[in-house]
Amino acid sequence: MSDEFKAQFFQLVDASVPQYIAELGEAVAIPSVSADLQTHLKDIIQMEEWTKSYIERLGGTAELLPNPKKVDEDGNELPPILLAEFKAADSSELKKTVCCYAHLDVQPASKEDGWDSDPFVLTEKDDKLYGRGSTDDKGPALSWLWVIQAHRKLGVDLPVNVKLMFEGMEESGSEGMFEAIQILSKDGKFLSDVDFFCISDNYWLGASKPCLTYGLRGLAYFSCSVQCCEQDLHSGVLGGTVHEAMTDLVQLMASLIDSSGKILVPGIMDDVAEVTPEEDALYETIDFNCESYKKENKVASVSNKLMYDKEKDLLMARWRYPTLSLHGIEGAFSGTGAKTVIPAKATGKFSLRLVPDQDPQRIEQCVSDHLNKVFASLGSPNKMNVTLLHGAKAWLSDPKHPNFEAAARATEKVYGLLPDYTREGGSIPITTAFEEATQMNVCLLPVGACDDMAHSQNEKYNKKNLIDGVKVLGLYLHELGELKGAKPSDCRCVELTPEEMMEPGAFMRGFKCKCFM
């Protein structure tokens, strides 16, 4: 990548900002809310078709793949998945291929929820672009198209082949995507020649310093139900005569975790990987402040206290250790006023965020054994049931992988400093799905800031983040293009032995063989 290209590219991006904002406004105006398919399926499809047309105008090939699941559990038709490709004009068969994932659906929103402006009208104020989907994830999705467009305008060939996989159900469980990934990863299919994956669907740790994300926690989401009778009862007439379900449930929920955050379920911590010196060192340079964190999360004005006072301890608790959270109780009275009712059935909802090397199935067994033991100790005649509603493994990559190194070099050339290497407490199951199906590396390259308020009122995308994000993604493609060696997806070598993996220069995650870059 020449300095001349970098200068011309940056200049073109800066000059194109009014166009970018106008087109993001067009996208935000389409209310592609996946939580309500009966109302908004047509809008999701419109958003996908809008994007498909844009891709085709740029000279790419695109198709709307019918959703493999066809319908959701309520019988609603599921939207298709957008697949697109831009091949390099020169020697495309020899160049590496990156697949960029994004989603075109959004969370529900209305001005009555507390927005300062219409959520589906992109509103610029103080160099911030407010609108539902502006940062999550329409802005980042369109950024890939703007990168391609800039290359076309400059007459510069793509340094790598670019594939796009954009879905319309991410905000509602990515229904059909996991099946599609399995199908498309087979030999000769859309994902079979992909060498690297890139996802820009998460956020910086702070508001000013960029980062790369190499780890995500997994999830085990449970429900625990206790039933005492067939219908709700009057507490004045029948209180004191029946074994109440709510009483049992509250004791069960309280047995899971204490007020200091310690998980009380035996066996949960058994498989947690130890902190290595290399991992510990990554925390030393991270730009993070506990006091700012309290203010950002509205804790300072209430308790003004976090679980940990030191930055490293707090980040490790947030990223690389499991946690258990109690979410609510279904079936209990929760309205305003007073209602003297004994619930016939009460269902508690709670979840654990998992880390390497925890397995959701083993966690399910630990939780089930624990709650059954506690319930037996209560001596209650009621009926209790524990169900794992959803489970996903944690994801952990290697920040020294060439894919991450390419993203880091691109970031440094735009911002003038190396990014922080972060993990996140949340889950993006699609990340693990790509890696497990293809054995290729996934890099999380966020372009939005921590205060973008995704999923909340007044979601916004900083104009500066939009501009610099396009620049980073563009240079990232060129950094990938300069990587030496065979295409990882072509490799069919026998995997390295554990001893060979320890040799200097041996494989980094994503190759697992004797091919070198």
Side-chain angles (χ1 to χ4, degrees), residues 20-51 67 71-80 82 102-143 166-177 200-203 207 221 296-298 301 327-330 333-337 349 426-428 447-463 465-466:
Y20 298 161
I21 293 175
E23 291 176 348
L24 180 57
E26 290 182 41
V28 166
I30 302 173
S32 47
V33 178
S34 57
D36 183 2
L37 289 177
Q38 288 189 352
T39 303
H40 292 292
L41 174 63
K42 65 181 186 304
D43 298 313
I44 299 172
I45 294 175
Q46 180 188 353
M47 185 67 228
E48 292 178 331
E49 290 177 339
W50 184 95
T51 310
N67 195 299
V71 297
D72 65 10
E73 61 182 13
D74 296 321
N76 297 307
E77 179 186 348
L78 291 168
L82 176 59
H103 65 89
L104 301 174
D105 63 314
V106 298
Q107 285 278 321
S110 68
K111 196 168 187 301
E112 291 70 30
D113 294 336
W115 283 71
D116 294 334
S117 57
D118 187 332
F120 295 105
V121 175
L122 191 68
T123 303
E124 183 175 351
K125 181 181 180 182
D126 299 329
D127 288 329
K128 297 176 176 63
L129 305 170
Y130 292 91
R132 177 59 89 218
S134 57
T135 189
D136 183 23
D137 187 33
K138 292 180 178 181
L142 292 184
S143 294
F166 292 176
E167 68 161 309
M169 285 296 293
E170 192 275 343
E171 301 290 8
S172 297
S174 290
E175 292 204 60
M177 267 295 290
S200 295
D201 189 24
N202 64 311
Y203 304 90
Y221 196 107
E296 290 166 3
N297 292 283
K298 313 301 181 186
S301 61
H327 302 305
I329 295 178
E330 178 184 334
F333 173 64
S334 60
T336 58
K349 304 290 180 68
S427 305
I428 307 178
V447 293
C450 71
D451 59 356
D452 278 353
M453 305 303 290
H455 290 208
S456 189
Q457 297 93 337
N458 300 317
E459 176 186 343
K460 57 86 177 169
Y461 195 21
N462 296 332
K463 191 192 296 188
N465 285 78
L466 181 152

So, the side chain of [X] versus the backbone of [Y]: is there a donor-acceptor pair under 3.5 Å, distance only?
{"X": "Lys42", "Y": "Thr39", "value": "yes"}
{"X": "Ser134", "Y": "Gly131", "value": "yes"}
{"X": "Asn67", "Y": "Glu175", "value": "yes"}

Calculate, to the nearest 0.5 Å, the distance between atoms [atom1] and [atom2] belonging to [X] and [Y] respectively.
{"X": "Leu82", "Y": "His103", "atom1": "CG", "atom2": "NE2", "result": "14.0 Å"}
{"X": "Asp201", "Y": "Thr135", "atom1": "CG", "atom2": "OG1", "result": "9.0 Å"}
{"X": "Ser143", "Y": "Asp137", "atom1": "OG", "atom2": "CG", "result": "9.0 Å"}
{"X": "Asp36", "Y": "Ile44", "atom1": "CG", "atom2": "CD1", "result": "9.0 Å"}

If every non-hydrogen atom of [X] is compared with every non-hydrogen atom of [Y], which pair is closest and at what distance?
{"X": "Ala207", "Y": "Asp451", "result": "CB-OD2, 4.1 Å"}
{"X": "Pro79", "Y": "Leu37", "result": "CD-CD2, 4.2 Å"}
{"X": "Ala141", "Y": "Phe166", "result": "O-CZ, 3.7 Å"}
{"X": "Pro31", "Y": "His40", "result": "O-ND1, 3.0 Å"}
{"X": "Gln457", "Y": "Met453", "result": "O-CB, 3.8 Å"}

Under the rule for side chain to side chain donor-acceptor pair (under 3.5 Å), what residues qualify as partners of [X], not counting sequence neighbours?
{"X": "Asp72", "answer": "Asn76"}
{"X": "Ser427", "answer": "Arg353"}
{"X": "Ser172", "answer": "Ser34"}
{"X": "Glu23", "answer": "Gln19, Tyr54, Trp146"}

Is the closest side-chain heavy-atom distance between [X] and [Y] below 4.5 Å?
{"X": "Leu104", "Y": "Trp50", "value": "no"}
{"X": "Val106", "Y": "Asp136", "value": "no"}
{"X": "Lys349", "Y": "Glu330", "value": "yes"}
{"X": "Gln46", "Y": "Ser32", "value": "no"}
{"X": "Pro80", "Y": "Ile45", "value": "yes"}
{"X": "Tyr461", "Y": "Val447", "value": "yes"}

- Query: Does any pair with a residue in residues 102-117 pass salt bridge (Lys or Arg N to Asp or Glu O under 4.0 Å), and if so which ones, sequence neighbours excluded?
  - Reply: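 Qualifying pairs, neighbours excluded: none.
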Mind checking salt bridge (Lys or Arg N to Asp or Glu O under 4.0 Å) for [X] and listing every partner two or more places apart, or none if nothing turns up?
{"X": "Asp43", "value": "none"}
{"X": "Glu170", "value": "none"}
{"X": "Glu459", "value": "Arg132"}
{"X": "Glu26", "value": "none"}

- Go through the structure and list residues passing ring-ring contact (aromatic ring centres under 6.0 Å, His included) with His455, not counting sequence neighbours. none
Which donor-acceptor pairs under 3.5 Å do the side chains of residues 118-130 make with protein atoms, sequence neighbours left out?
unit_1: Asp118; atom_1: OD1; unit_2: Phe120; atom_2: N; d: 2.9
unit_1: Thr123; atom_1: OG1; unit_2: Val121; atom_2: O; d: 2.9
unit_1: Glu124; atom_1: OE2; unit_2: Lys463; atom_2: NZ; d: 2.7

- Task: Report the C-alpha separation of Leu24 and Leu466 in whole Å, then their side-chain angles, then the decisive distance to 0.1 Å, and conclude whether the side-chain contact (heavy atoms from CB on, under 4.5 Å) test is met.
- Result: CA-CA 10 Å; Leu24 180 57; Leu466 181 152; 4.1 Å; yes
- Query: With no hydrogens and no angle check, do the side chains of Lys460 and Asn462 hold a donor and an acceptor under 3.5 Å apart?
  - Reply: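 The answer is yes; a qualifying pair exists.
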